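For reference, the structure discussed in these notes is given below.
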There are 2 protein chains.
Amino acid sequence: MNLKKLSEILGLSQTTVSRALNGYPEVNEETRIRVQAAATKHGYRPNSRAKGLATGRSMVIGHVIPFSSQHEMVNPIFGDFVAGAARTYAQNNYDMMFTHAPDTSVEDSYRSLFNRGVVDGVVLQGPKVNEPRISALSQMGVPFIVHGRSTGADVPYDWIDVNNQRSFERATQFLIDLGHRRIALINGLEEMDFAQRRRNGYVSALKHSGIEIAPELLRSAEMTEIYGHQTACDMLDLGDPPTAILASSIISAVGVRRALENRGLKMGRDISVIAHDDELSYMRNGIDVPIFTATRSSVRHAGELAAEMLIGRINAPNDPPKTRLLEAELVVGSSTGPAPQRM
Amino acid sequence: MNLKKLSEILGLSQTTVSRALNGYPEVNEETRIRVQAAATKHGYRPNSRAKGLATGRSMVIGHVIPFSSQHEMVNPIFGDFVAGAARTYAQNNYDMMFTHAPDTSVEDSYRSLFNRGVVDGVVLQGPKVNEPRISALSQMGVPFIVHGRSTGADVPYDWIDVNNQRSFERATQFLIDLGHRRIALINGLEEMDFAQRRRNGYVSALKHSGIEIAPELLRSAEMTEIYGHQTACDMLDLGDPPTAILASSIISAVGVRRALENRGLKMGRDISVIAHDDELSYMRNGIDVPIFTATRSSVRHAGELAAEMLIGRINAPNDPPKTRLLEAELVVGSSTGPAPQRM
DNA sequence: CCGCAACTTGAAAGCGCTTTGAATGCTATG
DNA sequence: CATAGCATTCAAAGCGCTTTCAAGTTGCGG
């Protein structure tokens, strides 16, 4: 069933039928009702390719999920972020296109999606420091939004981010206030912008209290459970092990917990742990009482907001750049406590 | 840059340029080279909407991820499955469209994607028992593949699945062989087909050994960490607690482990745990030595295969249905051991 | 009754591509 | 030398929609 057939059935022109269905004012209300009835009756759905050709808009948003060529890691926050975004898209009649590309060719993926007219805009996730994709997209003239920010990107751009620096500064301060001095940071990949900011927050809090940075307590890698476990084991084996650990994700915090438990250490008593909690739906940080003391910020909500901002940008390409900085909550659970007294 | 401009630049007709670029034989080899050079030089990318309109194919595959309206849960395996599929799509020049719909309107989402000509085929994930979407898709004439199967679906269809029944039967038998009699099953949502099959495997192994089914040791819900934790706690509070637990996902197994450790129980000694391991990239079950004894089957690989099968179906709509049953490995870690002697 | 505005409707062009059917120039054949 | 056959190329139609421009109807004031 297409426009032509439908209009023949109705004895109307394609023009009128199209207008009736798209809510144009110049069509008689009676006709409109008749057309709509026929459309539903015959299950007519405008072909979106044809529509796109005619309007020059695809009503599709592109997401390119990079994976590091070595690890083939899928970012665990991806599912929830996308779920949030998808919700907004659905409300605005956008579809969502999705590509998975090795990080070496992400830029090409964007270019391809946009130049082929597949998408009207794209979401850039997981920006690195000096992210080259940002200026590339900017030059191409693709409407885009960055989930996160990129230190060193020299063009203005839309972004939505969590205040990573402040939240890790607060978390670190919280541990310092509890008497901790040996505080470890199990961070995400060094080149990621968020990891850098978190480290800055951590460093700044320590400095502020006159605590020296201990390089052996600073690690960064992809935030898997295994990594959390391994790193915690390594650090506990140090002559002067940490009394508190900051973990950049709840997933690696789970690994940390496993390491502690293997050694019979109790979280909150023997050692304190704070995790960053993206509120992943399958790994909630407790229901009533948080499992981990955590810096909390819903990545699903970020997805919703990112989608809104991007749609806004598509509709108003010349507006000045918009940015949005979300503050993470610091929620206190039972994984933190006063620093144990050294004998 | 479009075909028209490009052909003008080259002083050729659109026909020839199109043919040259698409590898048709009737074009002079010299011309072809000249055309290709110009195309790359000017960054020409055929508009895929126009191409789709002309060919009647969109070169897009649709995934509709349902979420239960109550929970808004994103299936944690989603990311890795999609990563696998995306890889295959990329190799075959397909793009991937993605919709997130409440489970009440998933069918409409498929219908919409297909009828609007957005996709050439779809992937159906998370089938329930008597999954109505299967016959719906079948009637609509959409090429599709099911990740999983649906007991009670009365039309033939393509599917790829893990032998859930056998793998849980083996896992249960493994525990029985270790002397366990009180074996719990912390399963996925009851209405999911995979959960039913896993239970069947579990029940069948128990029956085979003459062990009575204990309803208090059988639970099903969405496979979150919290759920694993809560259920394990409940079961440990029983007068006659289980000595072994089967968990339907590694995520809920992590919750189980947390419950055990809270109570000072040691996995493998005080209580045995077997998990199903989808090989999620951010939650690997150990590197050298498995953390959990597990039934293992890579969901990413399943995604790759599913995508291949679907593309095959699109290219040969009238072939007889194809199915593929993967066997899960049973890998032994340190989370299982002989049943502790009762005093 | 005429003219004009307000409503409605329609014909046709155009979005960028593929593909059919026809045309062109050349070489090989009888 | 006429013709068939081949290798190349092209003009134009068509995919299903939107949208411009034009036209037909009505109703109302003058």
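Since this is a predicted model, take the numbers as computed values, not measurements. Each chain gets a letter, A, B and so on, in the order its sequence line appears, and its residues count up from 1.
More than 12 non-hydrogen atoms from other residues, nucleotides or ligands lie less than 6.0 angstrom from CD of A/Glu26. Open room surrounds CZ on B/Arg87; 12 or fewer heavy atoms of other groups in view lie less than 6.0 Å from it.
At whole-Å resolution of the value, CG in A/Asn28 and P in C/dA6 are 17 Å apart. For the pair B/Arg57 CZ and C/dC17 C1', the interatomic distance rounds to 16 Å; values are reported in whole Å. To the nearest angstrom, C1' of C/dT18 lies 13 Å from CZ of A/Arg49. As rounded to whole Å, 12 Å separates atom P of D/dT18 from atom CG of A/Leu6. In this entry the distance linking CG of B/Leu53 with C1' of D/dC17 reads 8 Å, nearest Å. Note: CZ (A/Arg45) to C1' (D/dG16) measures 16 Å, nearest angstrom. The separation between B/Asn47 atom CG and C/dG14 atom P is 18 Å, rounded to whole Å. If you take CD of B/Glu26 and P of C/dC26, they are 20 Å apart, rounded to a whole angstrom.
At the heavy-atom level, B/Arg19 lies under 4.0 Å from base atoms of the strands shown. Across all strands shown, B/Thr31 has heavy atoms under 4.0 Å from sugar-phosphate atoms exclusively, and none from any base. Nucleic acid contact class of B/Thr55 (heavy atoms, under 4.0 Å, all strands): sugar-phosphate only.
The phosphate of C/dG10 (OP1 or OP2) has a side-chain N or O of A/Thr16 nearer than 4.0 angstrom. Put simply, B/Lys4 has no side-chain N or O that comes within less than 4.0 Å of OP1 or OP2 on C/dC17. Contact annotation: A/Ser13 does not reach the phosphate of C/dT9 (side-chain N/O to OP1 or OP2, under 4.0 Å).
A donor-acceptor contact under 3.5 angstrom links the side-chain atoms of A/Thr15 to the base of D/dT19.
Among the nucleotides D/dC10, C/dC17, D/dC17, the one closest to any side-chain atom of B/Leu12 is D/dC10. Listed nucleotides: C/dT19, D/dC10, D/dG16. Nearest to the side chain of B/Tyr24: C/dT19.
Using modelled atom types, one finds a donor on one side chain and an acceptor on the other under 3.5 Å when comparing A/Ser13 with A/Thr16. When only modelled atom types and interatomic distance are considered, A/Ser150 and A/Asp193 share no side-chain donor-acceptor pair under 3.5 Å.
Taking the ring centroids of B/Phe98 and B/Phe78, they lie under the 6.0 Å cut-off.
If A/Ala54 and B/Ala54 are placed on DNA chain D by their nearest nucleotide, the residue sitting closer to the 5' end is B/Ala54.
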